[in-house]
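Just so you know, ligand 1 is whichever comes first in the structure, and atom 1 is the first atom listed for that ligand. We use all heavy atoms of the structure for the numbers below, so side chains are in, but hydrogens, waters and symmetry mates are not.
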Amino acid sequence: MNVLVINCGSSSLKYQVIDSVTEKVEAKGLCERIGIDGNFTYQPAGGEKEESAKPMPTHNEAVSFVIEALTNEKTGVLKSLDEIDCVGHRIVHGGTNLTHSYVVTEEVVKEIEDCADLAPLHNPAHVLGIRACQKLMPNTPMVVVFDTAFQQTMPAKAYLYAIPYKYFEEDKVRKYGFHGTSHMFVSQRALELMGNPEHSKLIVCHLGNGASVSCEVDGKCQENSMGLTPLDGLVMGTRCGDIDPSVVEFLNKKHGLSVEEILKIFNKESGVYAISDGKSDFRDIAGAAEKGDERAQLALDMFAYRVAKYIGSYVAAMNGVDAICFTAGIGENNGMIRKMICDYLTFLGLELDDEANKVIGDEKLISTADSKVKAYVIPTNEELAIARETVALVK
Ligand code: AMP
């Protein structure tokens with residue numbers, strides 16, 4: 001089956017066509033600046049990347065360009081639209097009611113709209129993407145896969161905030177956790193690599209520009225470091241992660257900043273970007289630290305320390321751990337950060353294999369044969385996870 005995987009933002013649309021049998025990407029690309037001036041990229045497997053300015057006033061035009069490129073006589077990978085067997089949409093927030101993946105129906109779309117207050121930047125854009133695809137492919141089955149679904153197995157003691165219960169009951173204020181599709185993909189792959197043991201305790205560190213840690217007992221998620229929104233938890237590229245909520249009141253009183261202004265600072269101007277004085281890419285930060293920039297070094301130290309603290313707390317939450325997995329841009333590619341994190345974990349009997357830890361971007365066991373806890377690098381593949389879910393539901 002050919003699965004079109006769509007990841008829609010308010011002004012962008014990422015797409016991939018995946019062959020569900022070979023699990024190979026046949027083509028991929030990106031529509032950017034939707035509603036502004038429109039920029040389109042398309043790359044067939046093994047072919048040249050094409051980029052062009054294309055007017056895209058709405059997501060409808062963006063999806064039309066995607067289909068046009070995929071079925072183009074010369075560079076397309078499909079003969080016609082009919083060769084798209086199903087569409088899988090990535091959706092950020094499923095609230096409390098959308099707890100797994102679903103075939104798209106009007107009721108499901110309404111639920112996605114109903115929890116838009118929990119993800120106001122994302123869910124309305126996802127609905128635009130679904131509508132645009134429905135318009136052009138009215139008979140093609142579609143599936144929605146939620147970033148919050150994998151975390152639905154978290155127990156109440158993990159997901160509740162200790163604030164008046166009515167805010168949970170009436171307003172659904174709770175921890176949801178994010179990057180669920182990635183945590184699911186990586187934890188399932190880790191279990192395969194471990195020979196699918198009957199009982200297992202895993203920790204997955206998704207370390208990218210956005211970053212989160214999760215833990216899984218017997219494959220079921222118990223905890224995720226993100227919260228009601230993706231702002232919570234680790235120190236990230238530009239997000240602050242854990243912070244005393246009273247800082248909001250303090251900054252408001254001291255500088256007259258509004259809640260919106262403070263949240264913008266927490267989301268866009270904080271994290272390693274703030275500590276390193278203006279760098280959010282770990283390659284730049286590591287380069288500066290190497291040249292003796294103390295603030296860049298402090299940013300790396302804070303990042304690794306926070307990840308290690310979360311791992312430690314999750315080991316306590318699960319009363320043990322069998323394997324720790326690293327994924328996403330930093331987790332897959334930056335051996336120095338992996339080592340900084342693992343150096344905090346020798347008390348667990350985790351022994352890093354320094355040679356294996358040189359790996360960049362490939363799947364690898366990076367702990368020694370004697371290590372009491374395994375450590376893996378497992379490249380994430382959210383699009384493939386969405387394609388698998390889509391085919392499973394459509395079938
Ligand atoms: P992501 O959000 O998963 O795309 O991850 C982005 C982060 O991964 C950035 O901070 C990058 O510096 C880091 N990253 C990506 N590729 C590499 C690489 N080859 N070496 C080191 N860091 C990398």
Side-chain angles (χ1 to χ4, degrees), residues 5 7 9 12 14-16 25 28-30 32 41 43 90 92 121-122 147 150 177-187 189 204-214 224-226 229-241 267-291 293 295-307 310 325-342 352 354 356-364 366 376-386:
V5 177
N7 182 356
S12 69
K14 279 190 223 153
Y15 65 95
Q16 283 194 3
V25 177
K28 63 179 178 181
L30 173 66
E32 283 176 295
T41 61
Q43 184 166 28
R90 178 216 174 202
V92 164
L121 296 180
H122 293 97
D147 257 18
F150 183 60
F178 293 87
H179 293 142
T181 314
S182 175
H183 288 284
M184 176 181 75
F185 181 88
V186 172
S187 57
R189 181 66 191 140
V204 176
C205 307
H206 176 111
L207 309 179
N209 194 33
S212 58
V213 186
S214 70
N224 180 294
S225 57
M226 287 178 162
T229 74
L231 180 57
D232 204 6
L234 301 180
V235 176
M236 302 179 224
T238 61
R239 292 180 218 148
C240 59
N267 272 297
K268 308 256 184 219
E269 298 165 32
S270 299
V272 292
Y273 172 83
I275 302 304
S276 72
D277 204 15
K279 296 175 209 48
S280 65
D281 190 301
F282 269 66
R283 285 164 286 201
D284 300 336
I285 302 172
E290 220 168 276
K291 288 191 190 118
D293 181 331
R295 289 271 299 269
Q297 186 59 51
L298 181 59
L300 298 176
D301 291 343
M302 285 176 69
F303 180 83
Y305 177 67
R306 184 83 59 92
V307 176
Y310 264 94
C325 312
F326 293 96
T327 196
I330 300 157
E332 291 167 26
N333 297 301
N334 194 322
M336 178 193 66
I337 290 283
R338 292 191 298 254
K339 178 160 172 49
M340 286 169 74
I341 295 165
C342 290
L352 201 63
D354 288 329
N357 188 43
K358 287 181 182 159
V359 65
I360 297 177
D362 284 327
E363 185 175 282
K364 189 139 189 131
I366 56 168
Y376 290 103
V377 172
I378 299 180
T380 192
N381 192 336
E382 290 162 274
E383 289 78 13
L384 179 55
I386 292 169

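Remark: side-chain polar atoms of Thr41 are paired, donor with acceptor, to backbone N or O of Leu30 under 3.5 angstrom. One N or O on the side chain of Arg306 and one on the backbone of Gly233 form a donor-acceptor pair closer than 3.5 Å. Remark: side-chain polar atoms of Arg295 are paired, donor with acceptor, to backbone N or O of Ala274 under 3.5 angstrom.
The shortest side-chain heavy-atom distance between Leu300 and Phe282 falls under the 4.5 Å cut-off.
Lys339 is linked by a salt bridge (charged side-chain N to carboxylate O under 4.0 Å, His left out) to Asp343, counting only residues two or more places apart in sequence or in another chain.
Residues of the protein with a heavy atom under 4.0 Å from ligand 1 are Gly208, Asn209, Ser280, Asp281, Phe282, Arg283, Ala328, Gly329, Ile330, Asn333, listed by chain and number.
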| task | Report the C-alpha separation of Thr327 and Ser182 in whole Å, then their side-chain angles, then the decisive distance to 0.1 Å, and conclude whether the side-chain contact (heavy atoms from CB on, under 4.5 Å) test is met. | result | CA-CA 8 Å; Thr327 196; Ser182 175; 4.0 Å; yes
